[in-house]
Number of protein chains: 2
Amino acid sequence: MVKELDEKTEALPDHVGWRLWQASRAWQVEFAAAMRVAGHDWFTEARAGLLGHIGRSGMRQSALIERSAISKQAIQQLLDGLEAEGIVERLPDPQDGRGKLVRYTRKGLDALRDGDRVKMEIERGYIGRIGEERFTALMSALRALAAGQAAAMDEDAGAEGEVVESK
Amino acid sequence: MVKELDEKTEALPDHVGWRLWQASRAWQVEFAAAMRVAGHDWFTEARAGLLGHIGRSGMRQSALIERSAISKQAIQQLLDGLEAEGIVERLPDPQDGRGKLVRYTRKGLDALRDGDRVKMEIERGYIGRIGEERFTALMSALRALAAGQAAAMDEDAGAEGEVVESK
DNA sequence: GCTTGTCGTCAAGTACCTTGACTATAGGGA
DNA sequence: TCCCTATAGTCAAGGTACTTGACGACAAGC
């Protein structure tokens, strides 16, 4: 790790965590800005993350909860906002009186389309900046990491100081 | 927990932004958990990010602001918390009556040392999971991306009113 | 002196997420 | 049938991590 520092400029952080955070933040900022340009100024990071899970055909709110890593209350608050903006609508599930179906409105579908376009544009920009080879390597490493982390979590039940979700 | 995969399971997001966010989140969770295990339960993600900028010799609060990507008020609030926890202390700058110097306390330095250790441990874990070659490629790509983004920012030097979108 | 710019603080508000407590419905026994 | 429990979703309160705006204290230039 780079640790050379002179008096004036101490080294910026350069560990994986920092780099990942920085890159993630930059992506989100770029995405949100582009979406605002496209006229979707209701757009925020968390909403983007949630919408990414909703398929075009809609889905059960409970399925959305399973799929996202956050609490059902958080999901609900996000959906409340999205519903108020007219991006999604909630319909009663005919199969289950308790459940609700979350579905894109027409406006939501438009946003989804623009979102996909913007994502591809950003990706193209990245490839232009660092080259296709490096980009491919990046994605490959990130996917491998995600897979490895999921595996580590499964196996982790009962190792060391279990600070995690066992509250 | 049995996760049944229907034929209806829609694909999880797989674009760069999602992967970066996911990886960043996982790192932060892992780091925070390890720090709590080490006895530093005052630790949070934002604080970690801020402390990463403070060199062992301390620095001006204003320099910290320049270096971080967040507002000075946010920095101040984080520092308020860290000071209350006894991690850093703020001293008047003898060179400038307006300025203050932020410096680690002994407790803070202990935490810093543990933090560095934990970071290395996580890094080793990553290398173990995805291999050294991939890890190196990941870091290389992330660094290149950061450099490219800085350059792009200088280039569009955008006024806030004029939102730019390339291509 | 006065003005302008920097440094830090105070106040208020927003986005996102949490836990706790609750209602309504579903589905399986007894 | 009535009860029991699990699931789906909601309501309320709170906390962290930010934001913008306003402001006072000091520095440095005339």
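Note on naming: letters A, B, ... go to the chains in the order of the sequence lines (proteins, then strands), and numbering restarts at 1 for each one.
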- Round to a whole Å and report the spacing from CG of B/Leu79 to P of C/dG8. 10 Å
- When the distance from CG of B/Asp80 to C1' of C/dC10 is rounded to whole Å, what number comes out? 10 Å
- Query: Whole Å only: how far is the CZ atom of B/Arg98 from the P atom of C/dC7?
  - Reply: 6 Å
- Out of D/dA6, D/dA25, D/dC18, which has the shortest distance to the side chain of B/Ala74? D/dC18
- Quick note, A/Arg60 side chain, CB onward, closest among D/dC18, C/dG8, D/dG9 is D/dG9
- Query: Are OP1 or OP2 of C/dT18 and a side-chain N or O of A/Ser71 less than 4.0 angstrom apart?
  - Reply: yes
- Query: CG of B/Leu51 versus P of D/dA17: gap in Å, rounded?
  - Reply: 11 Å
- Query: Any donor-acceptor pair under 3.5 Å joining the side chain of A/Gln61 to the base of D/dT10?
  - Reply: no
- Query: Hey, are A/Arg113 and A/Asp116 close enough for a salt bridge, meaning a charged N less than 4.0 Å from a carboxylate O?
  - Reply: no
- Within the 6.0 Å centroid threshold, strictly below: B/Trp18 and A/His53: yes
- Message: So A/Met59 and A/Leu101, do their side chains get closer than 4.5 Å, heavy atoms only?
- Response: no
- Query: Could you give the CD-to-C1' distance, from B/Gln77 to D/dG21, as a whole number of Å?
  - Reply: 13 Å
- Task: Describe the nucleic acid contact of B/Arg47 in one word from base, sugar-phosphate, nothing, applying a heavy-atom distance below 4.0 Å.
- Result: nothing
- Query: D/dG21 base to B/Gln73 side chain: any donor-acceptor pair below 3.5 Å?
  - Reply: yes
- Task: May I ask you to decide whether A/Arg129 forms a salt bridge with A/Glu30, counting only side-chain N to carboxylate O separations under 4.0 Å?
- Result: yes
- Classify the side chain of A/Gln76 and the base of D/dC11 as holding, or not holding, a donor-acceptor pair under 3.5 Å. no
- Query: So what does A/Ala46 hit on the nucleic acid, given a heavy-atom distance under 4.0 Å: a base, only sugar-phosphate, or nothing?
  - Reply: sugar-phosphate
- Message: I'd like to know if the side chain of A/Ser68 reaches the main chain of A/Leu64, judged simply by a donor and an acceptor atom lying under 3.5 Å from each other, with no hydrogens or angles considered.
- Response: yes
- Task: Look at the side-chain N and O atoms of A/Arg90 and state whether any lies under 4.0 Å from the OP1 or OP2 oxygen of D/dA8.
- Result: no
- Query: B/Phe43 CZ to D/dG15 C1': how many Å, rounded?
  - Reply: 18 Å
- Query: Between A/Thr44 and B/Glu66, which is nearer to the 5' end of DNA chain C once each is assigned its nearest nucleotide?
  - Reply: B/Glu66
- Message: Any side-chain N or O of B/Ser62 below 4.0 angstrom from OP1/OP2 of C/dT6?
- Response: no
- Message: Taking A/Gly17's backbone N and O only, do any of them form a donor-acceptor pair with B/Lys119's side chain (distance below 3.5 Å, no angle check)?
- Response: no
- Message: Can you see if the side chain of B/Lys72 gets near the phosphate of D/dC18 - specifically, an N or O under 4.0 Å from OP1 or OP2?
- Response: no
- Query: Over how many whole Å does the gap from A/Gln28 atom CD to C/dA15 atom P extend?
  - Reply: 16 Å
- Query: Between A/Leu78 (CG) and D/dT10 (P), how many Å, whole number?
  - Reply: 13 Å
- Using a cut-off of 4.0 Å on non-hydrogen atoms, how would the nucleic acid contact of A/Glu45 be classed: base, sugar-phosphate, or nothing? sugar-phosphate
- Task: Pick base, sugar-phosphate or nothing for B/Asp96, based on heavy-atom distances below 4.0 Å to the nucleic acid.
- Result: sugar-phosphate
